[in-house]
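Scroll down for the structure; my scribbles are underneath it.
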Amino acid sequence: MRRPLLVANWKMHKSVAEAEDFAAALLPLLPPAGAELAIAPPFTALAALGRALRGSPVLLAAQNANPAESGAFTGEVAPAMLAELGCRYVIAGHSERRGLYGESDDFVAAKVCALLAAGLRPIVCVGESLEVRRAGGGAAEVVCRQLQNSLAGVPAGLAAELAVAYEPIWAIGTGETATPQAAQQMHAALREKLRGLFGAAAEAIRIQYGGSVKPGNAAALLAQPDIDGALVGGASLNPESFAALAAESGGAS
Ligand code: PGA
């Protein structure tokens with residue numbers, strides 16, 4: 001049985017003060033026992049949010065990292081720097097980074113390997129565009145290839161540290177969600193791909209769904225056998241709504 005993983009992706013939202021206020025409001029609202037919870041704030045709020053969450057069941061996550069250990073990479077942040085701040089999870093290859101900043105599968109794979117080497121748990125994002133979805137039939141093949149290429153070089157012995165997020169691009173921030181059945185179909189295909197790559201370790205890898213998840217639609221998605229949590233943008237920005245999502249994901253522990 002995989003423990004559900006619910007992660008807030010705040011994107012470029014919230015100041016340090018707002019992150020601290022969020023933590024103070026969220027912690028008393030959390031339901032007991034169940035899902036693993038994490039919040040990925042902007043880099044600037046990581047240290048303060050880490051302090052505010054200390055001793056709570058909510059883990060710290062980051063939204064991105066550079067594959068290099070150090071060097072002349074202006075504007076970038078290395079995995080070890082995130083580990084030092086107490087991050088447990090790091091999102092890798094979100095479609096906004098792929099689409100807006102040109103991150104390729106190769107670059108994402110290098111990032112995933114570097115994160116694992118630093119003792120961090122990557123959340124590897126994949127998902128098809130509306131064009132691919134409309135073309136019909138081939139979406140699973142496209143997304144599975146993207147997953148395989150984004151995991152190139154990952155040692156099988158570390159595969160259980162991975163999480164995967166299936167985020168159809170047409171569902172991100174649009175209010176449109178994949179139906180639980182359609183999402184389950186894609187998750188099952190991704191699980192099969194993971195079995196091919198890593199064997200039995202694939203059973204331990206959480207595959208999250210992302211794309212307009214909100215209170216009211218999370219429970220039905222998470223009830224599917226291969227949907228093991230959610231990566232949530234918009235609905236994670238409000239403590240009441242994130243707490244409600246935690247309850248729909250089975251509580252916190
Ligand atoms: P959304 O974003 O929940 O606002 O659709 C999800 C994501 O981009 O991770």
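Start at 1 and go down the list; that is how both ligands and their atoms are numbered.
- For Glu203, the CD atom sits in a packed shell: over 12 heavy atoms of surrounding residues, nucleotides or ligands are nearer than 6.0 Å.
- By the 4.0 Å N-to-carboxylate-O rule, Arg2 lies close enough to Asp226 to be salt-bridged with it.
- For ligand 1, residues of the protein lying within 4.0 angstrom by heavy-atom distance are Asn9, Lys11, His94, Glu167, Ala171, Ile172, Gly173, Gly211, Ser212, Leu231, Val232, Gly233, Gly234.
- Applying the side-chain contact (heavy atoms from CB on, under 4.5 Å) criterion to Val154, with sequence neighbours excluded, gives Val112, Cys113, Leu116, Leu151, Leu162, Phe198.
- For Glu192, the salt bridge (charged side-chain N to carboxylate O under 4.0 Å, His left out) criterion is met by Arg195, not counting sequence neighbours.
- Under the side-chain contact (heavy atoms from CB on, under 4.5 Å) criterion, Ala78 pairs with Met81, not counting sequence neighbours.
- Taking the six-membered ring where the residue is Trp, Tyr166 and His187 present perpendicular rings, their angle passing 60° and hence far from 30°.
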